[in-house]
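Sequence positions, counted from 1, serve as the residue numbers for this chain.
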Amino acid sequence: MDHKLRTADFLQLTAHSLKSCDSCAEEELIQTFMQKLLMMNYRARYIHVEENNEQHHTKQRDNDSNKDMGDIFKAMSISKKGTSQSDRIHPMDVQMAVFHCADGFLKQLMVTKLSQCQYALPLFVPDPFTQQIEFPLWTFRQINKSWKIRNTNNEVISQTHPVYKAETPMVFFFRFGSVSSSKSQLMNSLINEKHNTFFHRNCPGSSRTRELMDGVVEIAWFCPSGKHTDKFTDCVAFCNLHGDAGDHEKQLEILTEMSSVNVVLLQQLQNNDKSATIIQNLYRNRKPLICLFTEDESGVTELMKGKFKIGLKDRNQSDVSEELRRVINGCLSESSSTFRLEDVSKHSLETDIRIDEEDDDDCRRGREAAQQMMSLLEKKDLTEMKDLFLPCQGKLWHQWCQKNKELHRPRAYDIEMDISRKKTEMKNIRQQQHESDINTFIQLFFKQIQCHSENNMYFLKWLEIFLISKNIFVPQKYDTSKQLKAKQTDLERISEELQAATFGLEHIMREIGQIYESCSSVKKNKKDLQFDFSSLPSLAAEMIISGFPMELMDGDAAHVPVVWISSVLDELIQKLGDQRVFVLSVLGIQSSGKSTMLNAMFGLHFAVSAGRCTRGAFMQLVKVSDEMKTQMNFDYILVVDTEGLRALELTGSSTRHHDNELATFVVGLGNLTLINIFGENPSEMQDILQIVVQAFLRMKKVKLNPSCVFVHQNVSDVTAGEKNEEGRRRLQETLDKMTKLAAKDEVYDAGCFSDVIKFDVQNDVKYFAHLWEGNPPMAPPNPNYCENIQELKETIMSHALKSHGMMLIDLKDRMKDLWEALLNERFVFSFRNSLEISAYRKLETKYSKWSWRLRSAMMEIENKLHNKIENEAIHEVEEADLQRELKKTSEEVEKSMSAFFEKDTDADILIQWKTSFEIKIKEIQENIVRETKRKLNEILQQRDLKKMIDAQKTHHENTLFEKSKELALKLKDKTTDEQTLKKEFDLFWKHSVKKIIRDTHPIKDIDIMRDVKHFLSDIYESAPVGHWMESKDIFSVPNYTQYVLFKKEFKESVINSSGYTQTLSPEDKIRIFITDVAQQTDKMIQSFNISKMGYNISRVQQLIDYIKRRVTEHQEGSVEYEFKNEFFMNLVLSICSRADQMITDQHKMFRDTNDPEIYVEKKRAEYYSIFQKYCHGATSAAIFGEIICQKLKEPIEQSVYKKTTRDLTDEIMKNCQSLNGNRSKLEKHILKTLAEEEDCEKYMNYIYNPRDHFKSFIRDEVSQYITDKFSVSVLPKMKENIRLLQQKIMKAAHESTEHVQVNRGDAGLWLRSFTQQLSDVLIFSEKDLSGVKHSGADNCNLLEDVIREELPTTMSDIYGRFNTETFLVKLDYTFRPDEILIDHFCQCCWVQCPFCKTVCTNTMENHHGDHSVPFHRSIGLSGIHYDNTFNLSTHICTSAVGNSNLYFYPVGSEDKVPWKDYRRAGGVYADWSITSDLSELPYWKWFVCRFQKDLEKYYSKRFEGSGEIPHEWKIYSKQDALESLDKYI
């Protein structure tokens, strides 16, 4: 066969594997047999094949139609025509069919499972086509047998051997001819009369015909239990040749030669029979021979020494069995010959029998490679092997683990210095690991892996087999004396030695993991590693895919090698894709059958052999079939097996703490955890349940929601309903009791277990029968246990159907998060849910896009309504109108939100924020509507206020038109000389402009700061003359103590030398106050609308009065200080200084638009052009058309600028790297820019005035973007918007012409129609042409033609004047892209950490929940220093809150509060979530070192003494700092 059946064909999760059935259709026979066999269900051989229903019913109808119902003979003859027994498939044919079609690994798995079912195993197997005999030695390699014997001193000795090495007597059974008694049944009575070790003719499902068993030799072992009732006192092998031995000479020859006793069945001995010669030779041989005659009635007869005859005819089976056992025992006691499976191969080679291991090249090469490695371990002490061959995982790794735990649990007062020392020590350990030579053993492993890269499975399997066989310890004496129990110390020492001696494939992989971690740490290859270390995780990933368990937690070091496991999972993702997995973990007391249960359930490979109990945690993948993927939400089940809680090896050490860590880790990792309880002992149950409940309680507190199922194993009567109900009630009571105890430990309000986790005591508690049906070692697995396994599997799948599982990448993050939190002493306060953080960041980015869509849409609406207001097309704005206009966009955003929350890969995590974000979007929409209404209503009010200004301006313009027209008409017939006309016009212009200037007040330049100082001088007449020169920018001073007088004694921020943080000054209150006043004054200044209304000194008075009122209200409130006069003066000066440029720019815009001398002069060329046309006799319509075009120029320019701005802002939001994400991404770019510029003053502005710095950065980014992209992006947008607007204007002109023609109107009607159609696009109305006479201009077609001809020139003129300088200057501040983006990005939380001044990263202002940041920084950056010294502190908040020896005094309090309980301080402290971890950014360490002198000068303090900068900080370069931003933010 080219295509062999593989293990993967049966180990994947299929719909069929979830069915529990004792019968099946013929086509499902193989699948059902294998499913039951893999679950160790010996009923796999007793599957009933369902009959064809149609045939069955037809036959029944024939019988029913028989008229003579009373004739039994006739009825019987008819029944013979039905299906005969011989038509059924023989159960052993099913087994052998799979065996013949299987590849080597599936055969081995089958035989291993058959052995676990206490079934006989195929020893010699003839090929059904060629009759070539195979000895499948490979299939026996994973089987171990254990037994107990009594020595001459009556001591019980336990022995465990790989079955292929076991040297035991062997009894060989065979038959000649056809016999009436069942040989196999007789053998069963010798081995285990309660179990059909050998299948026989009387077994259920047997049939007379079998196709694949003749010539097959099966072998089974009897293993004694060390009791006096044992049938044999030592382990004995029994071989059974199926079929007539005369037809299978090779098998007969080998086994009669190798046996200790030969047993032959035949009817009777006949001289002329071909079997007579063989029996004669056996009789003459010195080897014992027992002849069983089926036609003989006699008892045991010893014919000569070692030769016996026993008759079977009409004899009691038990008597025969007892006699035979007694004879065999006697023969064995006389014989010293032993049988060993491996020796069979020597005889097989002589008789041309195929040995699977030799015949399969891959298997043979794999064995040779593994033997080569094992040769290195020969004559080596077991307890020293790991130290010798696996140095990286021994002492050095354990030291590193200890240092890592100490690093996460700081105790020293100089935390950062201590952390730096620990990190240096850990790096040194990694360096030592890296420098250690890769020994020959591991080098050979790498060589073999590379040589057998196409098929590593055989090599790895062989190596695993050989290592396991080397780890089996024999013999062990069992002493029941009380003295043994007293030797606790000796027991612990022996336990440690045994553990040290354990050497398996997992230890080799652990070593490779440590080689990888050490290379990763020092960032270079080991000198004797022949390939790049980065390829090592790929090897482990391949092993996982191939079905090997992967160590997740090192059981010896009780540590998770996070770097190694993360890289392996990354490789797994590379090979499989980022698959979705359902994580199933298991917890239970040691030796409670956890691994056995998982292996039975999924056919896995977790270690269960003697002396091989699981240590740590292992994971293994179970593939979900393609058909099942359509029903399930995942591609694989990832099964996590763990060491037992209360492990004996750990007794005497910190067992409880280790158990809590392990339970928390696997419960947090799993989507479902199986809690395995052995027996029903309440006291044992109580111990494990307290640990488990505490783990689930921790998950509840950190918002993880795993589920659980309790499994009671070894329950005496699982069918007793009342008993089980009582057990469930007792379990519920215990869980509730444990919940109350755990809730006290974890400071959580929970009264019962259901408060912690969703739990159904009826469905989530399973009772398992005893694993064994009888007493080991000969007892087979209990079929009821197997059925319980199947039921549990179905329950697990029902849970899985409701779960979203998790992606492999998320599993990696979850694993890291859990372990990082567990390294800290307080899990709940240390847990950082990376999946949740990642999902939330994704949500924030989406939120930014949703809110921008709403803002962008509202800007369009605002622009349209603004134009209408200016054109007096509308006279009021209602919120309902705005909501209606925004409705379409709002619905689109809602739809997008719903789709995101329902369909995103993290939907199950995101759901917790769905409601709050829906509310936030609704709030932001309401705010946008409300703010837009406010702005539009202000425009409405200001429209009426500036009517006089606009009317005066229009009057001046139109008067000039009319006067120039009169002059032109006078000169029209007198001269056509251009020079004369020009001279006359210039004279007229000069006279007219002079008159306008004389009649109006000129608009002067302004000096804001002069006006401010004038008002302040009036308030504070005693202000020193030089104060204006000395005033500081209040936004960038390091502290405000110089500005306040304390109402009571109040110290500034210090850290006590004994490790206490003293009171913080009221810096935060003052800074928050200043920020709020600055924000409100910004809004006031914008509301003045100076670009439209002009500047008035009274505005300064308004600002000063407002600031004065706020200062008075603040210091009269519940603060501990009063402000000096200098504070108010500097606050006013600083606010006005910041607004100076904006007010000046806006006033310039107002002046350029409204100062007659300026705006009239700008229109000179336009007036001259119209004057010329009048002189040359142009029609009224032509001139009126040109006037319209000239009047449109400014509105068109403003409209195009605004539209281009909106389009450009959209583009910047998509394409500008710093502005195309959320607030965190923007901050990352800010920090990068600061690092590149290396300007400490800018850094301090960022630290103390983050909002201002953000605004400044956004302005710079927008300005740079416009400069860089002007020709490729801005100009094309401008051009396109001009084209679109030109189309709209021409369309309006054309439709107006048609309207006039239909209604027989005049130029006035045309103008009215034209302006109305453009009222939402341009600020242009009839009033702009009031005073311009258009009599005679009623030729609307000509008017339209003139506009069509003149408009392109106007547009070209606008486009020609468009450049980087004029673009932003021409726009009002509120319409500029930088201001729009500032409005978008800066409406977020700006609350700063009370310790280090880091800004909360939440994108919503006044958000619900705690303030938080991903990374805190050194508190010395905010000036905090040690008490009675000038030493700045280097503490980082996240490490300080993990130290139980540090305290601080909250503002205004004399009671010290531990850093770790900082929330107890209340106020601003209680609002912050600061996670105890080592998640600080290298960026800020580099900053402290780079700007040490600048910081010391700024604060007039030093980084000395207790505040000395750790050496580790100084190794970071600027490049490291920048890379850390990309890595962590």
Taking the side chain as C-beta and beyond, is there a heavy-atom pair between [X] and [Y] under 4.5 Å?
X: Phe140; Y: Thr112; result: no
X: Tyr283; Y: Ile278; result: no
X: Pro128; Y: His100; result: yes
X: Val261; Y: Val263; result: yes

Under the rule for salt bridge (charged side-chain N to carboxylate O under 4.0 Å, His left out), what residues qualify as partners of [X], not counting sequence neighbours?
X: Lys309; result: Asp296
X: Lys165; result: none
X: Lys231; result: Glu193

Can we call the ring centroids of [X] and [Y] under 6.0 Å apart?
X: His195; Y: Tyr42; value: yes
X: Phe238; Y: Phe172; value: no
X: Trp138; Y: Tyr458; value: yes

- [ ] Cation-pi check, Arg340 to Tyr164: give yes when NZ or CZ is under 6.0 Å from the six-membered ring centre and within 45° of the ring axis, no otherwise.
- [x] no
Task: Ring-face cation of Arg45 near Tyr119 (centre distance under 6.0 Å, axis angle within 45°) - done: yes
Gap separating the [atom1] atom of [X] from the [atom2] atom of [Y], nearest 0.5 angstrom:
X: Ile133; Y: Ile355; atom1: CD1; atom2: CD1; answer: 12.0 Å
X: Met601; Y: Met39; atom1: CE; atom2: CE; answer: 7.5 Å
X: Ile191; Y: Leu186; atom1: CD1; atom2: CG; answer: 10.0 Å
X: Met597; Y: Met40; atom1: CE; atom2: CE; answer: 11.0 Å
X: Cys331; Y: Lys307; atom1: SG; atom2: NZ; answer: 8.5 Å
X: Cys117; Y: Asn196; atom1: SG; atom2: CG; answer: 12.5 Å

Examine distances only and state if a side-chain atom of [X] and a backbone atom of [Y] form a donor-acceptor pair shorter than 3.5 Å.
X: Asn192; Y: Met778; result: yes
X: Ser17; Y: Leu13; result: no
X: Gln790; Y: Leu18; result: yes
X: Asp230; Y: Phe232; result: no
X: Asn188; Y: Thr197; result: yes

Would you say the side-chain atoms of [X] and [Y] include a donor-acceptor pair closer than 3.5 Å?
X: Ser337; Y: Lys287; answer: no
X: Thr596; Y: Asn599; answer: no
X: Glu211; Y: His90; answer: no
X: Ser189; Y: Ser321; answer: yes
X: His200; Y: Ser206; answer: no

TODO: Mind telling me whether Phe199 and Tyr46 have parallel, tilted or perpendicular rings, with 30° and 60° as the class edges?
DONE: tilted
TODO: Would you please name every residue forming a side-chain contact (heavy atoms from CB on, under 4.5 Å) with Thr130, sequence neighbours left out?
DONE: Asp127, Gln132
Task: Set of residues satisfying side-chain contact (heavy atoms from CB on, under 4.5 Å) with respect to Ala237, sequence neighbours excluded - done: Thr168, Met170, Ile219, Trp221, Phe339
Open item on the list: Other residues, nucleotides and ligands only: do more than 12 of their heavy atoms fall within 6.0 Å of CG on Asn202?
Closed with: yes
Salt bridge (charged side-chain N to carboxylate O under 4.0 Å, His left out) contacts in which one or both residues fall within [range], not counting sequence neighbours:
range: residues 769-791; answer: Lys36-Glu787
range: residues 89-110; answer: Lys107-Glu134
range: residues 597-606; answer: none

Task: Lys766 and Thr795: CA distance, side-chain angles, deciding distance, side-chain hydrogen bond (donor to acceptor under 3.5 Å, both in side chains) verdict - done: CA-CA 9 Å; Lys766 302 295 175 186; Thr795 300; 3.1 Å; yes
All side chain to side chain donor-acceptor pair (under 3.5 Å) counterparts of [X], not counting sequence neighbours:
X: His248; answer: none
X: Asp359; answer: Arg354
X: Arg315; answer: Glu323
X: Ser184; answer: Asn240

TODO: Start with the C-alpha gap between Thr256 and Asn262, add the side-chain angles, then the distance that decides, and say whether side-chain hydrogen bond (donor to acceptor under 3.5 Å, both in side chains) holds.
DONE: CA-CA 6 Å; Thr256 51; Asn262 289 312; 5.3 Å; no
Open item on the list: Between Glu253 and Lys250 (salt bridge meaning N to carboxylate O under 4.0 Å), is one present in this structure?
Closed with: no
TODO: Inspect the contact between Glu357 and Arg141 and indicate whether a charged nitrogen and a carboxylate oxygen are less than 4.0 angstrom apart.
DONE: yes
- [ ] Applying side-chain contact (heavy atoms from CB on, under 4.5 Å) between His242 and each of Met92, Arg175, Arg210, report the one that passes.
- [x] Arg210
